[in-house]
Amino acid sequence: MIISGPSQLYQSIKLLGSGSFGSVYLVKELNTKQEYACKIISKLHISKYDALQLIQNEIRIHASCNHQNIVKLYSYWEDCTNIYILLEYCSKGHLVDPKTPFNDDDVFQVFHQILSGVNYLHQNNIIHRDLKFENILIHEDGTLKLCDFGWAIKVEQLPVPNVMCGTTDYMPPEVVSKSPLDFKLDTWSLGVLLYVLLYGQFPFLGNNQEQLIRNILFEQLIIPNRNDTNEDLINLIQALLIKNSQFRPSIEQIYLCKWMKFNMKLHNIFNHYENEQLKLRVKQKNITLKVVHNTQYYTPNKKMVCSHYIESKNDLDHNPTQFGKTHNSQNQKKF
Ligand code: ATP
Ligand code: MG
């Protein structure tokens, strides 16, 4: 099948997936041979479900995004039968719930990329509202990218009125109880993703939709017994899956939790929020920093040697569990 775009022709190669509204095809631009994913939404389907506004909203929000962990939307157009959305092609499909639970390190490798995409969205006042494995795609180079902005909303004013949005397994209590919503909706879904990565099962189950909703609302979170799991990671999961959204951490607080701070240093990834916190502390206390090298640092599986910041005014007061436990040399440059 040949698809005619505004200025190019595309050859459709194969079906990549279909969702509730459209089918996504791998297409090749005839001139350049460049591959794209093209989401095709039938206008018949749109009018049947009165979904024009939803689709326009999806396109408007998605097109406004520009981040390495979000699938790029290159262009869109329509003809008399369909709406077409031309997307960056992610050749390795979408994430799937792991058959065997991941270890802490693999969990981090996946989680920090999703978090980076969600952080970008929240900073731009966008709530995704449908974070789930099927909406996290894997690019050819291994980068994870969020897709499917069908439920996304640009926040003008908080809280956002309730609609039953997303997929029940990932829905927080405030969605299923039809309460007002805010950014913490996505935070809960991040908790569900983390839980499934680590334990290979969903945190709340049910034999039917009703029971699942009841369990999301009232059942206590059970943390399975896995003695190789870092306590800080368990703390994070528990915080993300707090039923009252007010007490759930924001994205900034996730970046400032011990497990994230430690792993970002370990993997040499710049932590903007930690850096800002450190700068603020320095400003407030008028502290100067010096770097101490070759500190031995233990994780459950590895013994690390890294350098870390200490406050030079009063080194003895330095509390390594509180802040800036370690810092590698690359981060020093960025501070
Ligand atoms: P949903 O039922 O989740 O609302 P949808 O109709 O909004 O689905 P998408 O989630 O955008 O559609 O896409 C459906 C599936 O198509 C994805 O889960 C994925 O497998 C595939 N897909 C979507 N976009 C791409 C892409 N850019 N590259 C590769 N595959 C893609
Ligand atoms: Mg989808």
Side-chain angles (χ1 to χ4, degrees), residues 1 3 5 10-29 33-78 81-98 110 113-114 117-118 120-121 126-153 163-171 175 185-186 189 192-193 196 202 209:
M1 175 174 72
I3 299 166
Y10 301 89
Q11 162 105 54
S12 140
I13 312 283
K14 64 172 179 182
L15 180 70
L16 294 170
S18 23
S20 40
F21 269 108
S23 298
V24 182
Y25 291 88
L26 168 62
V27 299
K28 203 179 242 182
E29 195 185 301
K33 308 284 179 235
Q34 177 73 39
E35 290 180 323
Y36 297 95
C38 186
K39 187 164 174 171
I40 303 179
I41 307 156
S42 140
K43 284 188 169 173
L44 220 64
H45 202 71
I46 293 175
S47 64
K48 186 173 165 196
Y49 293 99
D50 196 15
L52 185 61
Q53 248 195 326
L54 275 180
I55 304 296
Q56 285 172 337
N57 180 65
E58 169 174 357
I59 294 174
R60 194 174 46 246
I61 293 180
H62 195 169
S64 73
C65 295
N66 181 16
H67 187 268
Q68 77 267 17
N69 297 112
I70 295 174
V71 167
K72 289 232 162 18
L73 188 156
Y74 292 112
S75 71
Y76 55 92
W77 65 93
E78 61 182 305
T81 43
N82 297 311
I83 291 179
Y84 303 83
I85 307 174
L86 195 67
L87 302 163
E88 176 179 23
Y89 173 46
C90 292
S91 61
K92 297 189 174 163
H94 60 74
L95 273 187
V96 284
D97 350 349
V110 171
Q113 297 190 60
I114 303 171
V118 179
Y120 173 86
L121 293 179
I126 296 166
I127 315 177
H128 187 282
R129 301 203 295 185
D130 198 12
L131 294 171
K132 58 179 177 178
F133 285 102
E134 293 85 339
N135 288 340
I136 302 163
L137 304 182
I138 311 167
H139 190 263
E140 180 66 24
D141 66 9
T143 309
L144 300 184
K145 296 181 185 257
L146 308 181
C147 76
D148 192 355
F149 284 72
W151 280 117
I153 184 168
V163 273
M164 281 286 263
C165 48
T167 310
T168 320
D169 288 318
Y170 300 83
M171 280 180 191
V175 171
L185 185 167
D186 283 345
S189 307
V192 174
L193 288 166
V196 178
F202 280 85
Q209 182 85 346

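On a predicted model such as this, the values are computed, not experimentally measured, just so you know. Residue numbers start at 1 and run along the sequence shown. Both ligands and their constituent atoms are indexed starting at 1 by order of listing.
Look at Lys132 and you'll find a heavy atom under 4.0 Å from some atom of ligand 1. Not a single heavy atom of Gly93 sits closer than 4.0 Å to an atom of ligand 1.
Counting heavy atoms closer than 4.0 Å to ligand 1, residue Lys39 contributes side-chain atoms (C-beta onward) but none from N, CA, C or O. Contacts with ligand 1 closer than 4.0 Å are made by side-chain heavy atoms of Ala37 only, the backbone lying farther away. Heavy atoms of Asn135 found under 4.0 angstrom from ligand 1 belong exclusively to the side chain.
Checking only distances, Asp148 does come within under 3.5 Å of ligand 1, N or O to N or O. Ligand 1 has no nitrogen or oxygen under 3.5 angstrom from a nitrogen or oxygen of Asp130. Not one N or O of Val71 is nearer than 3.5 Å to an N or O of ligand 1, by distance alone. Taking only nitrogen or oxygen atoms, main chain and side chain alike, Glu88 reaches within less than 3.5 Å of ligand 1.
In this structure, the side chain of Asn82 does not engage the main chain of Ile40 through any donor-acceptor pair within 3.5 Å. Distance alone, capped at 3.5 Å, is enough to place a donor-acceptor pair between the His128 side chain and the Asp148 backbone.
The aromatic rings of Tyr36 and Tyr74 lie perpendicular to each other, with more than 60° between the two planes, well past the 30° mark.
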Step by step, would you call Ile126 with Ile153 a side chain to side chain contact (heavy atoms under 4.5 Å, CB included)? CA-CA 6 Å; Ile126 296 166; Ile153 184 168; over 6 Å; no

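In this model, a donor atom of one side chain and an acceptor atom of the other lie less than 3.5 Å apart for Asp141 and Thr143.
Atoms of ligand 1 lying under 4.0 Å from at least one heavy atom of Gly22, given by number and element, are 6 (O). Of all atoms in ligand 1, numbered sequentially from 1 with element shown, those under 4.0 Å from a heavy atom of Leu137 are 19 (C), 24 (N), 25 (C), 26 (C), 27 (N), 28 (N), 31 (C).
Under a cut-off of 6.0 angstrom, the local environment of OH in Tyr76 is sparse, with at most 12 non-hydrogen atoms contributed by other residues, nucleotides or ligands. Atom CG of Asp50 is surrounded by 12 or fewer heavy atoms from other residues, nucleotides or ligands within 6.0 Å.
For Tyr170 and Trp151, the ring centers are positioned 6.0 Å apart or more.
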